[in-house]
Structures are given as structure tokens and as C-alpha cells.
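Here's the structure we're looking at; comments come further down.
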Amino acid sequence: MLVYRGKINWYEYAVDEPYTLVLPNDWTSGAPLQAIWQWTVDGQGVKKVNVVTVSTIKQVALSDTSTAASSWPSEAAYYTFETSFSSSAVPPKTIDITMINHPATADRNGKSTFSLELAYSLPSPGLFHTSTPGYSIFVGKITWGEFTVNNPLIVIVPDGVKQGGDILILFQWDNCSAGKSKGPVDYKEHIQYVNSGEGGSTEITVKVQNWLHYGLTLIHSILKLG
């Protein structure tokens with residue numbers, strides 16, 4: 001599994017918003033991927049709308065300059081994401097994404113380019129040889145006082161829900177204690193406890209940075225934060 005994180009800017013619709021790209025398998029044609037971001041405001045004027053896109057890589061091409069390029073459609077093929085990265089790094093540490101809308105409007109070129117950094121990877125033998133059959137991704141919203149209000153919360157369990165297993169908790173601050181706005185939060189921790197809850201739910205306890213405890217309840221692919 002490869003997880004990339006960065007920021008997306010798309011005119012007034014996405015202004016410095018978190019963007020997460022998850023590849024459960026690898027950078028090969030036909031491989032699945034999931035892109036998750038937030039519209040600052042969507043086309044209907046609704047603010048802070050989660051976007052969860054499940055797609056497949058359309059193609060991957062290797063060039064003579066040790067770079068690789070791929071593309072995939074999303075949002076019912078309204079947008080295409082073209083990706084480039086160095087194939088000499090295994091896995092790629094940084095990728096550049098160009099977002100293209102179709103058709104381009106007369107007053108806009110319909111393109112925006114941004115970079116993502118590798119936030120997490122499971123051990124893999126090579127650039128095109130990773131596999132994570134037991135992963136789970138949960139997407140919701142988080143509000144924590146005035147520090148983060150109605151922002152995307154992404155929880156990734158890369159290798160199954162089990163005690164000691166890896167877990168990623170990803171979101172952003174609207175305002176953090178250091179005074180920085182829209183600061184990313186990427187917690188990569190281990191599951192401390194797993195218990196059976198009511199109604200077939202699974203309760204997970206995670207300790208973050210020796211001071212903050214998260215209680216997570218997973219109910220039929222729905223995430224609740226306690």
C-alpha cells in the first residue's frame with residue numbers, strides 16, 4: 001500500500017485543501033486507487049464537501065528519462081488526473097499531479113498542478129510489486145473545538161484490524177495551537193486494543209504521541225470518533 005498526502009487548489013472550489021491518494025496495490029495499468037479531498041465550496045454553493053473517488057489507473061508509461069506517467073478519470077470522468085514521478089525511487093517519494101477538467105471552459109484553462117508526498121508505505125519488493133488485500137478505508141468528518149470544524153477525517157487500516165497493527169489517522173487543523181491555518185495532521189500509529197462492540201461493531205483504541213487517545217468505533221464501514 002502507498003498513501004500520498006498534499007494540498008489541492010482548484011480555483012475557488014478547493015483552496016489549500018487536503019488531498020489523499022491511496023494505492024492498495026501498485027503503479028500499474030488497471031490497478032485501483034482512491035482519491036479523497038474536500039471542496040472548499042462546491043458548484044451548488046455547499047461548503048466543505050467530501051469527495052471520495054474510486055478509480056483505476058488508465059495507463060502507465062515509462063520514459064527514457066527515468067520518469068513514469070499515469071492517468072486516471074474521476075467524478076464520472078469529468079476530471080482526469082495525470083501523474084508523473086521518478087521511477088528511480090522505489091516507491092516514489094514525490095508525485096506531481098495535474099488535474100484537468102473536461103471540457104475546459106472558455107474563461108479557464110481547466111488545469112491545476114500540485115505535488116503529493118509519500119506519507120506511508122508497506123514494505124514492497126519494487127515499484128510495481130505491492131499488494132494490500134486486507135486494507136480498510138473509512139472517511140467521515142471531524143470537529144474538535146475551534147481547531148478543526150467539519151473537516152475530512154480519513155482512517156486507514158492497511159493490513160486488517162488487529163492489535164498491534166498499523167493505523168493512519170489523517171485530517172487537518174483549521175487553526176492549530178501554533179497559529180497555523182489548514183495544517184495537515186498525519187498520525188501513523190499502532191492499534192492498542194480491539195474489542196467487539198454492540199450491534200456487530202468493532203471498537204479500536206489508539207494512543208497518539210503519548211498524550212492523546214482516540215476511541216474509534218467501526219460499524220459496517222461507518223466510522224464514529226469517540
Practice task
Give, for atom CG of N151 and atom CD of Q38, the distance between the pair rounded to the nearest 0.5 Å.
Solution key: 5.0 Å
Practice task
Look at the side chain of D166 and the backbone N and O of P158, then say whether any donor-acceptor pair between them is shorter than 3.5 Å.
Solution key: no
Exercise for the section: Could you tell me whether the side chain of S136 and the main chain of V157 form a donor-acceptor pair under 3.5 Å? Expected result: no
Practice task
Please round to the nearest 0.5 Å and tell me the distance separating atom CG of D186 and atom CG of L168.
Solution key: 7.5 Å
Exercise for the section: Could you tell me which residues satisfy side-chain hydrogen bond (donor to acceptor under 3.5 Å, both in side chains) with T98, sequence neighbours excluded, listed by chain and number? Expected result: T113
Problem - Reported CG-to-CD1 distance for the pair L21 and I36, which is rounded to 0.5 angstrom - result: 9.0 Å
Problem - Euclidean distance, E17 CD relative to K7 NZ, rounded to 0.5 Å - result: 7.0 Å
Fill in the blank from the handout: Here the gap from W144 atom CH2 to W173 atom CH2, rounded to the nearest 0.5 Å, amounts to 7.0 Å
Fill in the blank from the handout: So CZ of F138 and CD1 of I167: to nearest 0.5 Å the spacing works out to 8.5 Å
Practice task
Answer yes if Y135 and V54 sit in the same cluster of Ile, Leu, Val, Met, Phe, Trp and Tyr residues linked by side chain heavy atoms under 4.5 Å apart, and no otherwise.
Solution key: no
Exercise for the section: Mark yes when over 12 heavy atoms from residues, nucleotides or ligands other than K58 sit less than 6.0 Å from its NZ; otherwise mark no. Expected result: no
Problem - For Q34, side-chain hydrogen bond (donor to acceptor under 3.5 Å, both in side chains) partners two or more places apart - result: none
Practice task
Tell me, with the steps shown, if M1 and I156 meet side chain to side chain contact (heavy atoms under 4.5 Å, CB included).
Solution key: CA-CA 10 Å; M1 171 177 279; I156 302 174; 3.8 Å; yes
Handout entry: Single-linkage hydrophobic cluster, 4.5 Å side-chain cutoff, V52 and I137 together
Key = yes
Practice task
Indicate the ring-plane relationship of F81 and Y79, choosing parallel, tilted or perpendicular according to the 30° and 60° boundaries.
Solution key: tilted
Exercise for the section: Keeping the roles fixed (side chain from Y11, backbone from G110), state whether a donor-acceptor pair exists under 3.5 Å. Expected result: yes
